[in-house]
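Please read the structure below before turning to the comments.
Within every chain, numbering begins at 1; the chains are lettered A, B, ... in the order of the sequence lines, protein sequences first and strands thereafter.
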Amino acid sequence: LAKTTQPISMDSYEGQEVNITCSHNNIATNDYITWYQQFPSQGPRFIIQGYKTKVTNEVASLFIPADRKSSTLSLPRVSLSDTAVYYCLVGGLFSGGYNKLIFGAGTRLAVHP
Amino acid sequence: ETGVTQSPTHLIKTRGQQVTLRCSSQSGHNTVSWYQQALGQGPQFIFQYYREEENGRGNFPPRFSGLQFPNYSSELNVNALELDDSALYLCASSLGGGQGTHGYTFGSGTRLTVV
């Protein structure tokens, strides 16, 4: 699974848009990009997944450039409840056999009033 | 649809003791993975169970072992506890032996403190 690099921490204010960029220079052709969110003392929760261009759901948008060597998670109009750690993961969707999620240290987002 | 349930939520053990952590998978899921998360770090893969057999393992010593039962629930056993074993232990269930990076449901974890 490709290694990912993200900022260690970010700060924002309520109502602002937050963009968290993840670098994955060694992404493989069949790798998808997935983002998880984790609140203190809880397990990670799936946010969004994409392969290329742009994906949007009710929670976030994911922007992936043509070379796929990076991706940006966009959280529109954040609130205090969006304060969490965000993880970027890269891996195959159906790689067969067993599969494991490789988490880095993630990005700690702090949203202030 | 029930989520992943882990028990106990918190546990304190003495160095050298043994501990068993339990996980009930989400309804419809047949695969369980266990992760260890030290304070301030991302979760680290311990192993995965599919159809009651371990079919993948991370870089953890043999004193970390597990079981999966016919109802797909699972146990994580750790023998000869060390202080560094203090962490949040997360269970994740999914459908099928491998789902890539999608389709995992995590429990809230068991916070293990070794003193």
Next on the checklist: Can you classify the ring geometry of B:Phe106 versus A:Phe103 as parallel (below 30°), tilted (30 to 60°) or perpendicular (above 60°)?
Outcome noted: perpendicular

Checklist entry - Considering residues, nucleotides and ligands other than B:Arg51, do more than 12 of their heavy atoms fall under 6.0 Å from its CZ? => result no

Checklist entry - Are there residues of residues 68-81 of chain B that reach to under 4.5 Å of chain A by heavy atoms, and which ones? => result none

Item to check | Contacting region of B:Gln37 [heavy-atom separation from chain A under 4.5 Å] | outcome: side chain

Next on the checklist: Tell me whether A:Arg45 forms a cation-pi arrangement with A:Tyr36, defined as NZ or CZ under 6.0 Å from the six-membered ring centre and within 45 degrees of its axis.
Outcome noted: no

Checklist entry - More than 12 non-hydrogen atoms from neighbouring residues, nucleotides or ligands closer than 6.0 Å to CD1 on B:Ile12, yes or no? => result no

Next on the checklist: Are A:Leu80 and A:Pro113 packed together at the side-chain level, in the sense that at least one heavy-atom pair is separated by less than 4.5 angstrom?
Outcome noted: yes

Checklist entry - Do B:Phe47 and B:Phe45 have ring centroids that are under 6.0 Å from one another? => result no

